Amino acid sequence: MAEAILGSLDVIKKVRVSDDGISIAEEQLLKTRLPMEIDSGAAVENLATAEDWRKALSRVVPAVVVLRTTACRAFDTEPAGSGYATGFIVDKKRGIILTNRHVVKPGPIVAEAVFLNREEIPVHPLYRDPVHDFGFLHFDPGAVQFLEYEEIPFAPEAASVGLEIRVVGNDSGEKVSILSGTIARLDRDAPPYKRDGYNDFNTFYMQAASGTKGGSSGSPVIDCKGCAVALNAGSKTAGASAYFLPLERVVRALKFFQEDILESSLSKNSWQPVHIPRGTLQMTLMHKGFDETRRLGLKRETEQMVRQASPSTETGMLVVDSVVPGGPSHKLLEPGDVLVLVNGEVVTQFLRLEVLLDDNVGKHIDIELERGGATITVTLLIQDLHSITPNFFLEVSGGVVHPLSYQQARNFRFTCGLVYVADPGYMLSRAGVPKHAIIKKLAGEETSVLDDFIAVYSKLSRGARVPLEFLTYVDRHRSKSVLVTVDRHEWYAPPQLYVRDDSTGLWNVKPAISTTSAFSLSLFGSSNGEQQQLLSTYDNISTKEGSTVSVVNGVEKSCEGEATGSSGESVQASDAPIIESETKRRRVNNLLGGDGLANTDGTSDHFEHNIADNEVAEETVTIPASSASTAEHVIEPTLVMMEVHIPPSAMLDGVHAQHFFGTGVIVHHSQSLGLVAVDRNTVAISVSDVMLSFAAYPIEIPAEVVFLHPVHNFALVAYDPAALGSAGAAAVRAATLLSEPPLSRGDAVYLVGLNRSLQATSRKSVVTNPSVALNVGAADCPRYRAMNMEVIEVDTDFGHSFSGVLADELGRVQALWASFSTQVFCTL
C-alpha cells in the first residue's frame with residue numbers, strides 16, 4: 001500500500017506544465033487523478049493567464065448594464081417596488097438584453113439600463129419565461145451614442161466542473177464588480193427562494209463559491225474567452241455559494257426572436273409578438289440518486305436498463321415531487337413516481353424532458369413509470385404553459401386581482417385560474433382579506449374565474465356591504481367570510497382591466513365595468529338647512545367664555561379661543577326618549593398600560609400615546625342604583641363607537657396610521673341629520689371612511705367628516721338618521737350639553753364611555769386642578785397637533801382602555817374625554 005502511494009507521488013512529480021499547454025500523457029494523468037465528474041478540459045481552461053482574462057473582460061464589461069426597475073403593481077409572484085439588477089447585451093443589432101425573470105417581472109414595470117459610460121436608456125420587457133429564471137429586455141441600439149460595445153456570445157457547452165469563471169455585474173450596488181470563482185456542481189437542485197413567491201423548478205443549476213450578493217442578479221458568468229456559460233440567478237446569504245442558470249433554454253428562446261423579428265422593427269419600439277412554445281404537465285420533478293429510487297420501489301432490471309441507456313456519468317432518475325390540482329397530471333401521477341420512459345425514450349435529465357414537452361405542445365405523450373415496484377403507463381396531454389400564465393389583471397380600489405398563475409398554483413396547491421389577490425389594496429384589506437387569498441364567493445355568488453368576479457362586482461352599487469368568502473394557503477381547508485364595503489367615495493379610479501401588449505412591452509388599460517352598471521356613486525345626502533348648522537354646532541360644546549373643554553387620559557383639556565355657549569343654560573339637542581333598562585352587571589376595563597400605537601391596526605415610524613388598542617384585563621363589578629348609574633343610563637344612548645379607515649392613497653398631513661378607533665358623543669339628532677363630536681386623534685383627516693356603531697341600537701352605518709377644527713382637538717361627523725330605521729332613530733338621542741358653570745376644584749365628575757364591546761362603563765372622579773397648561777410637542781413628521789390648550793386634572797387616572805365624556809350626576813355632558821397623539825422618542 002505504501003509503495004503504491006509513493007509510486008503515485010512519483011508520477012505526479014513528473015507532471016510539468018509548459019507555456020503552450022500540457023502533453024497528452026499529462027492530460028491522461030489528470031483524468032485518472034481527477035474525480036469522475038470533473039472534465040479535464042476545465043483544467044486546461046484554468047491555465048488561462050491574467051492577460052487572457054484582461055482581454056476577455058475588456059470585451060465583456062462594456063456589454064454589461066445596470067438595470068433600474070420599478071414594478072408599478074403587485075402581480076403574480078412579485079410585489080410592487082423598485083430595485084437594482086444586472087443585465088448584458090446578447091443581440092447588439094436588435095437591442096436585446098438578457099437578465100433574470102425576477103428582474104423583468106411578470107407584471108408592469110418601468111426600467112432603465114445604465115451603461116458603463118453612464119448613458120441611461122429606457123428598456124421594455126420583451127419576454128419572461130413562465131418557469132425558468134430568465135427574461136429579455138429591449139432597448140433602442142441607436143440611443144446609445146457614445147459607447148462602443150459588443151454582444152456577449154453564449155457557450156453553454158463550455159460549462160464544466162472545475163471551470164474558472166468570472167461574474168461581472170452590479171454586485172451590492174457597486175455598478176461594476178468582477179467576482180471570481182470555480183464551478184463546483186452542474187446538477188444542483190433549483191434553489192428555493194420563497195414559499196409564496198417565485199421559484200424555479202424542473203431544471204438543474206450550477207453552483208460556485210463566487211460570493212455574489214444583491215444587485216448581481218442577471219450577471220453573465222463568463223469563461224476566459226469572454227463567452228457566457230451561465231446566468232447568475234441567486235446566492236445563499238449565509239454563505240459564499242452562488243447559483244447559476246444553464247443557458248440551453250435561453251439560447252433556444254433567443255433564436256426565436258432572431259429568426260422572427262427584423263432588426264428594423266425592434267428599433268421602433270414595436271415588433272411582431274413572438275410565440276415561444278412552452279409545454280407543461282403541471283408537475284414538479286426532482287432528480288434522485290439510484291439508491292433513493294430503489295427505496296421508492298424501482299426494480300433492479302429497470303435500473304440496469306436505465307444505466308445502459310444513459311451516459312456513464314448518470315447518477316439517478318427523475319421522480320415526481322408534486323402535482324398541481326386540476327392539471328394534466330392530476331390523479332394520474334403521484335409523488336414518488338419514478339419516470340422511466342417518455343414516448344419510448346429513457347429520460348433521466350430535465351433538459352431532455354423539457355425538449356419533448358416544448359416541441360409537442362397540444363399533443364399527447366406516453367409516460368412509463370414505476371410506482372412502488374409496479375410498472376404503470378399513462379398518456380397525458382401537454383398543456384400550453386402560456387395559457388396558465390396570466391397576462392392581465394383587474395385593479396379595484398387600489399388592489400390587484402388576477403387568475404392564479406401556474407407558479408402560485410404550484411406553491412399553494414390550488415387549481416390554476418382561480419381568483420387570486422396579488423395585492424388587497426384598500427377595499428379588500430379593510431375587510432380583512434389578506435394578500436395571496438383565493439376569492440371563492442362574492443355577494444353569495446360563486447367566483448371561480450376572474451370574469452365571474454367582475455360580473456358580480458358590476459352589479460353592486462357604491463357603499464354596498466356584501467359578504468365575501470375566501471381561502472388562504474396557510475389554512476386551505478377552512479373558508480373565511482368577511483363583509484366587504486364597496487367604496488362609497490372615489491378614492492380610487494373605477495375598476496380597470498390591464499392587459500399586456502407583447503408587441504410593445506406595455507400594458508393597455510380599459511374599463512372593467514360599463515358606465516351603465518349598478519356600480520354608481522351613492523352620495524350621502526341631507527338638507528341644506530341641516531348642513532348650515534355645522535359651522536356653529538361646536539359652539540354648544542363650550543363650557544366657559546372663550547374656551548372649549550375636553551378631557552384626555554384623566555386630564556380635562558380646555559381649548560382657548562372658542563365661541564361662547566348659550567349663557568349658561570343646558571342645551572337639549574333632541575327630545576328623543578331615554579331608553580330605560582334595569583340594572584345590570586358591567587364589565588370595566590382596568591388600566592394595564594398604554595404604550596404602543598393606539599387606535600390603529602397599521603404600523604408607524606413612531607410610537608404614539610393614544611387610546612390603546614391592546615387587550616386589557618377586565619373585572620366585573622355591579623353598579624348600584626346611585627348617581628353614577630343614573631349618569632350612565634342617561635349618557636349611553638348618546639354614545640357611538642367610531643371606526644375610521646384612511647385609504648393608503650390619502651395619507652395626508654403626516655397621518656401615522658390607516659385604522660383608528662374611538663368613542664364619540666351625539667350632539668345633534670333630527671330626522672334629516674345627525675352630528676357626532678369626536679377627538680381629532682380618531683378622525684385625523686377628512687379623507688376617511690367612517691363607520692358608526694351605536695350603543696343604543698345594534699346597527700352600523702356610514703358617516704361623513706364634515707368639520708375638522710384646525711387648532712383644537714375635536715371634529716364633527718355627520719350621519720343620516722334614516723339609515724337607522726324608525727326603531728333605531730327612536731332609540732338614539734343627542735346628549736345634553738352643560739356649558740355653565742365651568743368645572744372647578746373639588747367638583748365630582750363621572751366618566752361614561754364605551755369599550756370595544758359597545759358596553760357602557762362609568763367611573764367617578766374629582767377635579768383636583770382646573771387650569772394646567774399643556775404643551776403637545778411637535779413630531780418629526782409635520783402633522784396636526786393641538787395648541788393653546790389648558791387641562792384640568794382629576795384624581796383618578798382612567799387609563800387608555802376606553803373613552804367617552806365627562807358628565808355630572810344627572811348625565812349632562814361637561815367635557816369630552818379626548819385622546820391626544822404625541823410622539824415618543826425611544827433611545828436604543
Side-chain angles (χ1 to χ4, degrees), residues 77 87-91 94 96-106 125-138 151-160 183 185-191 193 198-207 217-222 227-234 243-261 274-287 318 342 345 347-361 365 382-389 405-407 410 502:
T77 58
F88 60 98
I89 299 170
V90 294
D91 192 315
R94 294 174 176 81
I96 300 178
I97 296 174
L98 173 64
T99 185
N100 291 130
R101 176 194 185 273
H102 68 264
V103 176
V104 178
K105 301 186 184 301
L126 189 63
Y127 175 76
R128 72 278 287 160
D129 193 82
V131 172
H132 300 316
D133 199 8
F134 75 91
F136 297 112
L137 295 169
H138 167 256
E151 62 189 42
I152 299 178
F154 290 136
E157 69 284 350
S160 59
I183 294 180
R185 291 184 61 184
L186 299 177
D187 58 353
R188 191 200 187 281
D189 293 335
Y193 295 127
Y198 170 74
N199 293 287
D200 202 347
F201 55 94
N202 290 350
T203 184
F204 284 129
Y205 267 64
M206 304 178 194
Q207 178 180 328
S217 293
S219 300
V221 181
I222 65 168
C227 298
V229 299
L231 176 67
N232 183 49
Y243 309 123
F244 308 141
L245 177 71
L247 294 178
E248 286 82 2
R249 306 315 285 169
V250 177
V251 173
R252 171 182 178 267
L254 182 61
K255 286 182 178 179
F256 275 94
F257 285 100
Q258 293 174 334
E259 293 172 358
D260 296 349
I261 295 181
V274 176
H275 178 71
I276 300 178
R278 295 285 279 115
T280 181
L281 298 176
Q282 292 197 36
M283 64 176 179
T284 302
L285 300 172
M286 300 291 289
H287 189 270
L318 297 178
V342 179
E345 176 185 348
V347 175
T348 60
Q349 295 290 311
F350 291 112
L351 182 59
R352 180 54 189 163
L353 178 61
E354 191 162 300
V355 170
L356 292 174
L357 296 179
D358 291 347
D359 293 345
N360 296 279
V361 177
I365 190 171
I382 301 177
Q383 188 177 13
D384 184 1
L385 185 54
H386 297 294
S387 67
I388 53 176
T389 304
S405 68
Y406 177 39
Q407 277 281 341
R410 171 184 172 271
D502 289 327

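This structure is a prediction, so every number in the text was calculated from the model and none was measured. Just so you know, residue 1 is the first one in the sequence shown, and it goes up from there.
- When all heavy atoms are compared, the tightest approach of H102 to A233 is CE1-O, 3.4 Å.
- Looking only at distances, a side-chain donor or acceptor of D133 sits under 3.5 Å from a matching main-chain atom of R101.
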Step by step, work out the side-chain contact (heavy atoms from CB on, under 4.5 Å) result for I388 and Q282.
CA-CA 10 Å; I388 53 176; Q282 292 197 36; 3.6 Å; yes
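- To the nearest 0.5 Å, atom CG of residue D91 and atom CD1 of residue I152 are 12.5 Å apart.
- Taking the six-membered ring where tryptophan is involved, the planes of F134 and Y127 are tilted, since the angle between them lies from 30° to 60°.
- Here the shortest heavy-atom pairing between P156 and L247 reads CB-CB, 3.9 Å.
- Listed by chain and number, the residues in a ring pair (Phe, Tyr, Trp, His ring centres under 6.0 Å) with F204 are H287, F350 (sequence neighbours excluded).
- You'll find the side chain of C227 reaches within 4.5 Å of the side chain of P153, heavy atoms only.
- In this structure, R410 satisfies the cation-pi test against F201, with its NZ or CZ atom closer than 6.0 Å to the six-membered ring centre and inside 45 degrees of the ring normal.
- N202 places a side-chain N or O within donor-acceptor distance of the main-chain N or O of L285, the cut-off being under 3.5 Å.
- A pairwise comparison of heavy atoms in V229 and A159 identifies O-CB, 4.1 Å as the closest pair.
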side-chain contact (heavy atoms from CB on, under 4.5 Å) between N360 and I365, worked out
CA-CA 8 Å; N360 296 279; I365 190 171; 5.9 Å; no
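- Nearest heavy atoms, Y205 versus F244: CD2-O, 3.3 Å.
- Every residue was checked against the ring pair (Phe, Tyr, Trp, His ring centres under 6.0 Å) condition with F88, not counting sequence neighbours, and none meets it.
- Using a 4.5 Å heavy-atom cutoff, the side chains of E354 and R278 are in contact.
- Atom CD1 of I222 is separated from atom CG of N232 by 12.5 Å, given to the nearest 0.5 angstrom.
- In this structure, the separation between CG on D187 and CE on M206 is 11.0 Å, given to the nearest 0.5 Å.
- When all heavy atoms of R252 and R249 are compared, the closest pair comes out as CD-NH2, 3.1 Å.
- Nearest heavy atoms, L318 versus L353: CD1-CD2, 4.1 Å.
- Annotation: the span from I96 atom CD1 to I89 atom CD1 amounts to 11.0 Å, rounded to 0.5 Å.
- Formation of a donor-acceptor pair under 3.5 Å by the R94 side chain with backbone atoms of Q258 is found in this model.
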Step by step, would you call T203 with H132 a side-chain hydrogen bond (donor to acceptor under 3.5 Å, both in side chains)?
CA-CA 8 Å; T203 184; H132 300 316; 4.7 Å; no
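- Taking OG1 from T99 and CG from L231, the interatomic distance works out to 6.5 Å, rounded to the nearest 0.5 Å.
- Between the side chain of H386 and the main chain of I276, a donor-acceptor pair closer than 3.5 Å is present.
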Run the side-chain contact (heavy atoms from CB on, under 4.5 Å) check on L98 and F154 step by step: do they pass?
CA-CA 11 Å; L98 173 64; F154 290 136; 3.8 Å; yes
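- Rounding to the nearest 0.5 Å places OH of Y406 at 3.5 Å from OG1 of T280.
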